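Just so you know, these numbers use all the heavy atoms, side chains as well, and skip hydrogens, waters and symmetry mates. Chain naming here is simple, since letters A, B, ... match the order of the sequence lines and numbering starts at 1 in each. Quick caveat: nothing in here was measured; it's all calculated off a predicted structure.
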Amino acid sequence: MQKNSIDTKDLSLIVTPLLSWYDQHARILPWRENPLPYHVWVSEIMLQQTRVETVKPYFDRWIESLPTLATLAHAPEEQVLKLWEGLGYYNRARNMQKAAKMILDTYGGEVPASYDALLTLPGIGEYTAGAVASIAFGLPVPCVDGNVLRVLTRILTDQREIDQTSVKKYFTEEIRLIIPRERPGDFNQALMELGATVCMPNGLPKCELCPLHFMCKACLQDRVMEFPVKAKKKPRKKEYKTIFLILKEEKIAIRRREESGLLANLWEFPGTAGFLTLKEAKDQLNSWGLLAETIEELNPAKHIFTHIEWHMTGYLCKVTEFEEQNHDFEWVSKKDLTDHFAIPSAYKAFYMQLLSILK
DNA sequence: AAGTCGGGGTC
DNA sequence: GACCCAGACTT
């Protein structure tokens, strides 16, 4: 038996107090109002690496626009991405639409009530398969996310790095042994809810409010901030860009990003690598077949991704086109831009400057 | 197992 | 600044 493990009989002691706590403290959340499998699925995809408070308005708009799995499957991808605009990890939205089509084709339009079947769908990994299976269908399967790992490593003072697959696997099996057959979905949600609202990810946890503090080794030893142990992260790479807000007769230039990589296939304002001087910026416009009638500097901006930093300068340009080029600009009105094209938040600072200029 | 993929809240 | 969030997928 491993050093840090307590036996299953002990860990099973969390079940009753946890469910009882959840009965009193479960938050009222949009996806809990009418927990249809489609609703549970959409919420779990949106919640991947994303806070509850961030997801709420996105979930409401999504269900309003795409109320059923079939409407999602048949929706234009542009609409799906527009509904996802600003939420990040955009493959989640594309994969969800792919999965919706697969469910229509191979499961008769019903979200499959099987952990293994769910796991075959794009965008659904071990966590999400377990979450949907237990919450939407009442199947007794674990779902182990960052919240669960934090709660359990604290209860057990487990010092292993939670980034390791073996550790996640270990806790998944521990949960499988104790998950109550009567209320698996509530149990999984209770564990996550406790992690989100009491056994918090940042700052001091509210141990005095925790229904498990009586058996939490970290709390009893006053060592809660030592857990969970996580691997160190690599420093971010810095990239420098120049962004162009180009206006031609009340229209704005945007273009589609590459089909793979960062922000794949989304729309952006034209840009180039490096910080361009005013003269270099004019030359760049010329190379696009555009002549600057006016050009002025915009406020610089920075955007932090998980592994990259974008440092951006920008120019506002009013142009005429002196030569038809085969560049891939799309010239759109302000209304089309705001209504139909998904621009990632990395461009938000320039997007805001543009909207205030066009106001 | 390590890298990639977003964005924002919180300390 | 640094960390982390109801992770999945590719290499």
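Partners of A:Lys82 under the side chain to side chain donor-acceptor pair (under 3.5 Å) rule, at least two apart in sequence or in another chain, are A:Glu85. Residues meeting the side chain to side chain donor-acceptor pair (under 3.5 Å) test with A:Lys237, sequence neighbours left out: none.
A donor-acceptor contact closer than 3.5 angstrom is absent between the side chains of A:Gln353 and A:Ser356. When only modelled atom types and interatomic distance are considered, A:Glu44 and A:Tyr127 share a side-chain donor-acceptor pair under 3.5 Å. Judged purely by distance below 3.5 Å, without hydrogens or angles, the side chains of A:Glu268 and A:Tyr347 pair a donor atom with an acceptor atom.
Comparing C:dA8 with B:dG9, their C1' atoms are spaced 23 Å from each other, to the whole Å. For the P atoms, the distance from C:dA6 to B:dC5 is 23 Å, rounded to whole Å.
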Test A:Thr306 against A:Arg236 for side chain to side chain donor-acceptor pair (under 3.5 Å), laying out the working first.
CA-CA 7 Å; A:Thr306 305; A:Arg236 281 187 293 265; over 6 Å; no

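Within the 4.0 angstrom heavy-atom criterion, no nucleotide atom of any strand lies near A:Arg257.
Sorted by residue number, the list of members of residues 127-146 of chain A with any non-hydrogen atom under 4.0 Å from DNA chain B is empty.
With A:Trp84 as reference, A:Met96 is the one residue of A:Gln79, A:Met96, A:Arg61 to meet the side chain to side chain contact (heavy atoms under 4.5 Å, CB included) rule.
For CD of A:Glu258, the number of neighbouring non-hydrogen atoms (other residues, nucleotides, ligands) closer than 6.0 Å is 12 at most.
Both A:Val42 and A:Leu66 belong to a common hydrophobic cluster when Ile, Leu, Val, Met, Phe, Trp and Tyr are linked at side-chain heavy-atom distances under 4.5 angstrom.
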Distance-only check: which donor-acceptor pairs under 3.5 Å involve side-chain atoms of residues 290-298 of chain A, not counting sequence neighbours?
none

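The phosphate of C:dC5 (OP1 or OP2) has a side-chain N or O of A:Lys230 nearer than 4.0 angstrom. Put simply, A:Lys233 has a side-chain N or O that comes within less than 4.0 Å of OP1 or OP2 on C:dC4.
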Where do N or O atoms of nucleotides 9-11 of chain C meet protein N or O atoms at under 3.5 Å, pair by pair?
unit_1 : atom_1 : unit_2   : atom_2 : d
C:dC9  : OP1    : A:Gly123 : N      : 2.3

Take nucleotides 3-11 of chain B nucleotide by nucleotide from the 5' end and write B, S or -, depending on whether a protein heavy atom sits under 4.0 Å from the base, only from the sugar-phosphate, or from neither.
SSBBBB-S-

